[in-house]
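Note sheet for the following structure.
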Amino acid sequence: MKQFDKEHILHPYAPSTPLADMELVVSASGVYLELDTGAKIIDGMSSWWSVIHGYNVPQLNTAATEQLSKMSHVMFGGLTHEPAIKLGQTLLEITDKSLEYIFFSDSGSVSVEVALKMAFQYWNSQENKFKSKILAFSKGYHGDTLGAMSVCDPITGMHSAFEDVLHKNIFAEAPMCMFGDEWDEKYILDFKTKLQENHTQIAAVILEPIVQGAGGMRIYSPELLKRVKELCTEYDVLLILDEIATGFGRTGKLFAYEYANIAPDILCVGKALTGGYMSLAATLTSKKVMQGVESGGNVLMHGPTFMANPLACAVANASLELLLNSPWQQRVQKIENQLRQELTKCESLEIVKEVRILGAIGVVELNVEIDLAVMTPAFIEKGVWVRPFLNLVYIMPPYIISEDELSHLTHAIYEVLEEFKSIK
Ligand SMILES: *Cc1c(COP(=O)(O)O)cnc(C)c1O
């Protein structure tokens with residue numbers, strides 16, 4: 001089986017003929033992944049932010065099975081169903097009250113495409129003038145489809161490889177005022193200048209609130225987000241917040257924008273929406289935006305085949321119920337406290353540049369690039385699943401991780417990094 005995988009199946013950002021075999025997962029439960037070797041390893045990644053309740057959760061299994069016996073899918077054009085309606089109600093309840101409309105799609109990247117289209121159509125419909133640019137931030141990440149890629153960091157987003165096909169957007173300097181740093185107006189200057197000079201062409205600003213994820217795992221000051229919102233209002237530009245990674249409690253707030261007490265015009269959610277059971281995302285927006293989109297008799301031009309898939313919506317409903325009825329704030333706070341106590345120790349290692357922590361997110365930035373071929377087996381040997389990128393070792397464990405399991409994870413990271421020099 002592994003041989004076929006190696007020869008024919010492509011994996012994320014990986015060569016078609018990988019040097020090493022993939023690890024084969026046969027089952028997963030709680031925070032553990034079980035490999036074909038029999039090894040049980042702790043998943044520090046929550047399968048890329050999504051598995052917040054851990055694996056094989058009875059409530060989510062039940063929700064899926066019950067929905068399966070009713071209908072697993074039905075088209076959304078001209079039809080609707082209870083799982084989507086319930087999910088819409090919950091999402092509107094837990095997000096800012098200015099958000100009134102929801103567009104369900106199948107993945108985070110698509111929810112970003114929808115957000116961008118909303119913004120472009122908003123201006124195009126009302127003013128008969130196409131505002132064609134998005135102002136994004138360096139070190140940002142918003143997904144892998146072409147539109148989403150065009151607002152990702154130009155370097156880590158590999159814009160050079162797509163030079164002629166990618167929409168050209170405008171980039172502001174990455175947020176430089178880190179979480180907890182004292183605010184200074186100099187931190188917003190570059191963004192402000194770009195907005196001032198180009199606002200007549202800019203349809204929207206897009207950014208990940210408080211935590212820039214896959215573009216660099218950077219945690220920045222809520223003050224910056226506040227100033228961005230003020231300037232968007234001042235220059236009459238829409239604000240798109242991408243909470244696909246940060247949403248549903250990960251940073252210690254249900255949504256990271258709550259740190260800045262602001263509201264977006266358009267909000268993208270995904271990843272943890274179904275507790276990591278299946279792919280589902282949503283784009284939320286306000287009455288103002290939808291009225292703009294629809295002026296002149298237009299409609300939002302998007303409609304995926306699997307829009308609001310009932311199975312995914314039913315599991316999302318169960319996942320949100322589980323989350324909202326759980327002491328998630330205390331759990332995330334407890335993880336944060338423990339990460340501060342244990343992961344911060346990595347700063348004593350020579351190869352470590354900095355440790356950053358917020359909520360249930362821990363990041364160890366190294367002075368050196370990571371060699372996955374060396375580090376992955378070393379982590380597995382120690383019983384953990386950690387998937388670094390560039391020079392970043394980072395974890396965002398399921399909220400249900402126990403104190404002992406988290407200690408196991410942080411110690412494994414310390415030990416692997418300590419050995420890294422010698423095994424390199
Ligand atoms: C993962 C991610 C996306 C893309 O979501 P997919 O479901 O992988 O398409 C977009 N934005 C952010 C912030 C993400 O973390």
Side-chain angles (χ1 to χ4, degrees), residues 10-14 45-52 103-119 134 136-154 156-158 169 171 174-175 204-220 225 228 239-251 253-257 259 264 266-284 302 304-309 312-313 315-316 319 358-361 363 387-390 392 394-396:
L10 301 173
H11 286 263
Y13 316 104
M45 310 301 292
S46 297
S47 276
W48 278 336
W49 312 84
S50 62
V51 182
I52 52 176
F103 190 102
F104 290 111
S105 56
D106 11 33
S107 75
S109 300
V110 176
S111 78
V112 170
E113 299 290 335
V114 172
L116 299 176
K117 283 167 86 168
M118 277 176 180
I134 301 291
F137 282 83
S138 295
K139 305 264 161 77
Y141 177 77
H142 300 286
D144 287 351
T145 51
L146 282 169
M149 260 186 88
S150 78
V151 290
C152 289
D153 180 84
T156 57
M158 294 278 289
N169 288 308
F171 288 86
V205 165
I206 187 167
L207 85 162
E208 301 150 273
I210 310 299
V211 181
Q212 290 187 302
M217 297 302 297
R218 304 171 75 255
I219 306 171
Y220 66 85
L225 195 53
V228 166
L239 176 62
I240 303 171
L241 292 184
D242 177 350
E243 290 255 10
I244 293 165
T246 49
F248 307 109
R250 179 57 67 182
T251 66
K253 301 278 186 193
L254 199 51
F255 294 98
Y257 67 72
Y259 275 108
I266 302 173
L267 174 68
C268 296
V269 296
K271 288 201 162 101
L273 178 57
T274 62
Y277 263 51
M278 49 196 94
S279 188
L280 181 71
T283 311
L284 285 73
H302 211 88
T305 305
F306 288 98
M307 184 166 183
N309 172 255
C313 288
V315 174
S319 174
L358 183 71
I361 307 167
V363 185
R387 179 87 181 159
F389 73 92
L390 302 173
L392 300 163
Y394 65 108
I395 51 172
M396 57 305 236

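Note that ligands are numbered from 1 as they come in the structure, with each ligand's atoms numbered from 1 the same way.
- For the pair Glu113 and Gly147, the tightest heavy-atom approach, listed with the atom from each and the gap, is OE2-N, 2.9 Å.
- Not a single donor-acceptor pair under 3.5 Å links the side chain of Glu208 to the backbone N or O of Thr246.
- Using a 4.0 Å heavy-atom criterion, the residues that approach ligand 1 are Ser107, Gly108, Ser109, Tyr141, His142, Gly143, Glu208, Asp242, Ile244, Ala245, Lys271.
- Residues meeting the ring-ring contact (aromatic ring centres under 6.0 Å, His included) test with Phe103, sequence neighbours left out: His302.
- Using modelled atom types and a 3.5 Å distance limit, the side chains of Ser109 and Asp144 yield no donor-acceptor pair.
- Under the 4.5 Å side-chain criterion, counting only non-hydrogen atoms from C-beta, Phe104 is not in contact with Asn309.
- Between Leu225 and Leu241 the shortest side-chain heavy-atom distance falls below 4.5 Å.
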